[in-house]
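Keep in mind that the numbers below use all heavy atoms, side chains included, and drop hydrogens, waters and symmetry copies. Quantities reported herein were computed from a predicted structural model and do not represent experimental measurements. Whatever order the structure lists ligands and atoms in, that order sets their numbers, starting from 1.
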Amino acid sequence: MSSQASPRRLGILAAMHDELAGLLADMGPDVVVQRVGLRDYHVGELYGHPCVLVLARIGKVAAAATTVTLIREFKVDAIVFTGLAGGIGQGVRVGDVVVGTSLVQHDMDARPIFPRHEIPLLDRAYFDTDASLNALLRQSAAAYVAEQLATDIDAATRADFGIDVPAVHEGLIASGDTFVHAAGMATSLVEALPDVLCVEMEGAAVAQICHEYEMPCAVLRTISDRADSTASVDFRAFLQRVASVYAVGIVRRFLMGKISRENAA
Ligand code: SAH
């Protein structure tokens, strides 16, 4: 996959409204909305950078269809997915951020014809994301949690979610069409994929399409729950109260970083 530090037009997608709301609000008034396949694509500038923002909805099919449209209809030069995920890996806690360097579809299983997790006829199970985008996202997330998070989210809310000093992780993300909400489900996932940091429902579909179109992409996830028996309660509370704040804080720094690099060049 080609590496591109300063994409001209960035496609940003999320699965749920609250994950995207803050970014949409920050796009300002000069936005053109185009409806394709039941989705609204918001074309304009975000923090001075040309962007297309879209609500993909939940699941791999929704994410894949939206990604193809961003590439073919809206001619984006790179794609970033932002959203929430269930923490699975040891030390991956609610409020932490995960940058996915590699994505796998944990529910793909065409055995005995193909090895477990391998995408039939594509010869691979794991899809890598773009190293330059990942580096910038990691720096943006680390700066955000260290410098701004405590201002954006008050102490009582942070205490409610047990958010202390969030960590930024980088590594494997597993995606599948299942909301993982029981310790047993999470345990089987770790048995099948020991290195997985978190689980969600879209990232690997985006990464597969981006691989097929040779499009640089990145997947940024904030941990909303631990994919256990309290996951659905934890997830909803996190979604309503903090999801958008994280997305705005990190993506803003990410786009500003890009702009200052472009200016410096
Ligand atoms: N039970 C939830 C379902 C939302 S799906 C509800 O009623 O609202 C969860 C969304 O957040 C998906 O887009 C997925 O990518 C992500 N996600 C967060 N935690 C997850 C988990 N534990 N398992 C799977 N996906 C999760």
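When non-hydrogen atoms are compared, ligand 1 lies under 4.0 Å from the backbone of A85 (N, CA, C, O) but not from its side chain. With a heavy-atom cut-off of 4.0 Å, S175 does not touch ligand 1 at all. For T178, every heavy-atom contact with ligand 1 shorter than 4.0 Å involves the backbone, none the side chain.
Atom CZ in F114 sits 10.5 Å away from atom CD1 in I119 (nearest 0.5 Å). Distance check: I113 CD1 to R111 CZ gives 12.0 Å after rounding to the nearest 0.5 Å.
Short contacts between ligand 1 and A15, defined as distances under 4.0 Å to a heavy atom of the residue, involve ligand atoms 13 (O). Ligand 1 places these atoms under 4.0 Å from at least one heavy atom of D225: 18 (C), 19 (N), 20 (C), 21 (C), 22 (N). Atom numbering of ligand 1 starts at 1 in the shown order; those under 4.0 Å from a heavy atom of S224 are 18 (C), 19 (N). Proximity to A227 (heavy-atom distance under 4.0 Å) selects the following atoms of ligand 1: 22 (N).
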Could you check R39 against T66 for side chain to side chain donor-acceptor pair (under 3.5 Å), going step by step and ending with a plain yes or no?
CA-CA 8 Å; R39 287 167 182 82; T66 310; 2.9 Å; yes
Does the side-chain contact (heavy atoms from CB on, under 4.5 Å) test come out yes or no for V219 and E200, once each step is laid out?
CA-CA 11 Å; V219 178; E200 39 86 312; 3.8 Å; yes
Take Q105 and Q208 through the test side chain to side chain donor-acceptor pair (under 3.5 Å) and record every step on the way to the result.
CA-CA 9 Å; Q105 296 176 28; Q208 178 182 334; 2.8 Å; yes
Does the side chain to side chain donor-acceptor pair (under 3.5 Å) test come out yes or no for T129 and N134, once each step is laid out?
CA-CA 7 Å; T129 47; N134 289 344; 2.8 Å; yes
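Taking all heavy atoms of R221, R236, R57, H106 into account, the minimum distance to atom 7 (O) of ligand 1 is reached by R236. Nearest residue to atom 12 (C) of ligand 1 from R226, E200, E202 is E202 (criterion: closest heavy atom).
Relative ring orientation between F238 and F161 is described as perpendicular, the plane-to-plane angle rising above 60° on a 0-90° scale split at 30° and 60°.
In this structure, the protein non-hydrogen atom closest to atom 20 (C) of ligand 1 is F179 CE1, 3.4 Å.
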